[in-house]
Amino acid sequence: MTPYQQYLRAERMINEEIIRPALSLSHPDTFVGHPVARMDTMRAFLRRCGDPQKGIPAIHVTGTSGKGTVAALIARALTLTGLRTGLHISPYLQSATEKIQIDGRYIDPLHFADLADWVMPTARAFLSPSTPASIHGMASVAIAFEAFRRESVDVMVVEVGCGGRYDLTSFVDTEVAVITNVGLDHTGTLGPTLTDIARHKAGIARPGADLISGVRGDLRCIIHAEAAAVGCPLVEIPPVPSLPGHNEALARAAVKAYCCRRGIGAPALPERCAPLLPGRSEPLPWPDTCVHLDGAHNRDKLAFAVAARQTVPGCPAVALVGLLGTKASSDTVAPLRNQFSHLVVTEPRVYGKASCPAAATAGLLRT
């Protein structure tokens, strides 16, 4: 079996054997109302895996938008200090190895295959309709932690999957926590209001850890209250006019806080000459035109993607749009209206998640 075949075998195991599609498709926001049971299950899962996350200092990053980019910026800067740095982000666009990086490089496909073989006995032991947590999610997070343990990283930068307080990544030894912002997204899981969502995001604060916040407006009081209740110093980032500037300011503050704790000099953030992550305003090399890939999936992210797009004089502006069922709403797609000469709709295919039919997406865009 070639290395590529071994990688594909491992990817199929993780993506097909331990996803419960009937459960996921019938209720995409499964586990709502069972956060404590969910956390107890993940704690038991990690314990059975040997708690690979223990003893590795962590920078934990949450927020409605920008958390992946901020995490990647932090990891890149820490690597420049000479620290061996692990980065865990989610989801992935093309390869499962995108989610686990060491010093800016995806882990080796054979390493990924070995990690999948390592976690599957535990995952299969938890494979039951009554398990109150995503088995696929638990296995994916455990794989990342184990990869960092095996690679003896000095620090890991971990992006939250959803929310924060009850996220599967919340078992890391946090030294710096970062909240990028708060917006309406994952309302079925986190609650219908910005206040509900802010409380989930604030839940990554830990006693004694530095908390870096880019939250604005009245929601700041929720972050302040959590920091006071937990007992952690809070640093708020002043308003920055652009989203890239906001992300860089957050990353700079997080790197400074971590380096101060460790007694090392904080490096300057490198210039963003190209996208740090696939599918985040990613330009494709295409002759005589501009093609951008963006995984924007809420109104705020779509508004930024539309505003940041580049055009070529004389070329029509075309958007290819596909939505998952949980993201499909008239409000979500509002930033796309009246901005393009053509809108083409499609249906994405994602393991264990229902797509919005193309005809329904077209209807939302016409609303």
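Residue indices begin at 1 and follow the sequence shown.
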Transitively linked via ILVMFWY side-chain contacts under 4.5 Å: [X] with [Y]?
| X | Y | value |
| --- | --- | --- |
| V230 | I222 | no |
| I264 | L78 | yes |
| Y92 | L115 | no |

Pair [X], [Y]: side-chain N/O donor-acceptor within cut-off below 3.5 Å:
| X | Y | result |
| --- | --- | --- |
| T169 | H88 | no |
| T193 | D196 | yes |
| E175 | H60 | no |
| T79 | D103 | yes |
| R337 | S330 | yes |

Distance in Å, [X] [atom1] paired with [Y] [atom2], rounded so as to fall on 0.5 Å steps:
| X | Y | atom1 | atom2 | answer |
| --- | --- | --- | --- | --- |
| R252 | L250 | CZ | CG | 10.0 Å |
| D167 | M42 | CG | CE | 8.5 Å |
| F145 | L168 | CZ | CG | 9.0 Å |
| T64 | L194 | OG1 | CG | 8.0 Å |
| D154 | L83 | CG | CG | 5.0 Å |

Is the count of non-hydrogen atoms from other residues, nucleotides or ligands lying under 6.0 Å from R9 atom CZ greater than 12?
-> yes

Provide the closest heavy-atom pair for [X] versus [Y] in the form atom of the first, atom of the second, distance.
| X | Y | value |
| --- | --- | --- |
| A96 | F112 | CB-CZ, 3.6 Å |
| A254 | I212 | CA-CG1, 4.1 Å |
| D173 | G55 | OD2-N, 2.8 Å |
| A147 | I100 | CB-CG2, 3.8 Å |
| P233 | D210 | CG-OD1, 3.4 Å |
| T180 | V70 | CG2-CG2, 3.9 Å |

Where do E347 and C356 land on the side chain to side chain contact (heavy atoms under 4.5 Å, CB included) test, with the steps shown first?
-> CA-CA 6 Å; E347 298 176 14; C356 180; over 6 Å; no

Among R199, K201, R165, side-chain hydrogen bond (donor to acceptor under 3.5 Å, both in side chains) partner for E226 |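 Looking at R199, K201, R165, the match for E226 under the side-chain hydrogen bond (donor to acceptor under 3.5 Å, both in side chains) is R165.
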
Under the side chain to side chain contact (heavy atoms under 4.5 Å, CB included) criterion, do I14 and S140 qualify, and how do the steps go?
-> CA-CA 8 Å; I14 297 297; S140 297; 4.0 Å; yes

Salt bridge or not for R220 and E236, using N-O below 4.0 Å?
->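 Looking at E236 together with R220, the answer is yes, because their closest N to O distance falls below 4.0 Å.
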
Identify whether the distance between the nearest side-chain nitrogen and carboxylate oxygen of R150 and D114 falls below 4.0 Å.
-> yes

Do P348 and L324 have side chains that get closer than 4.5 Å, going by heavy atoms?
-> yes

Test item: V158 and I59 side chains (from C-beta on) under 4.5 Å apart, heavy atoms =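 A side-chain contact under 4.5 Å is absent here.
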
Side-chain donor or acceptor of [X] paired with backbone N/O of [Y] under 3.5 Å:
| X | Y | result |
| --- | --- | --- |
| E248 | G245 | no |
| T174 | R206 | no |
| R216 | P238 | yes |

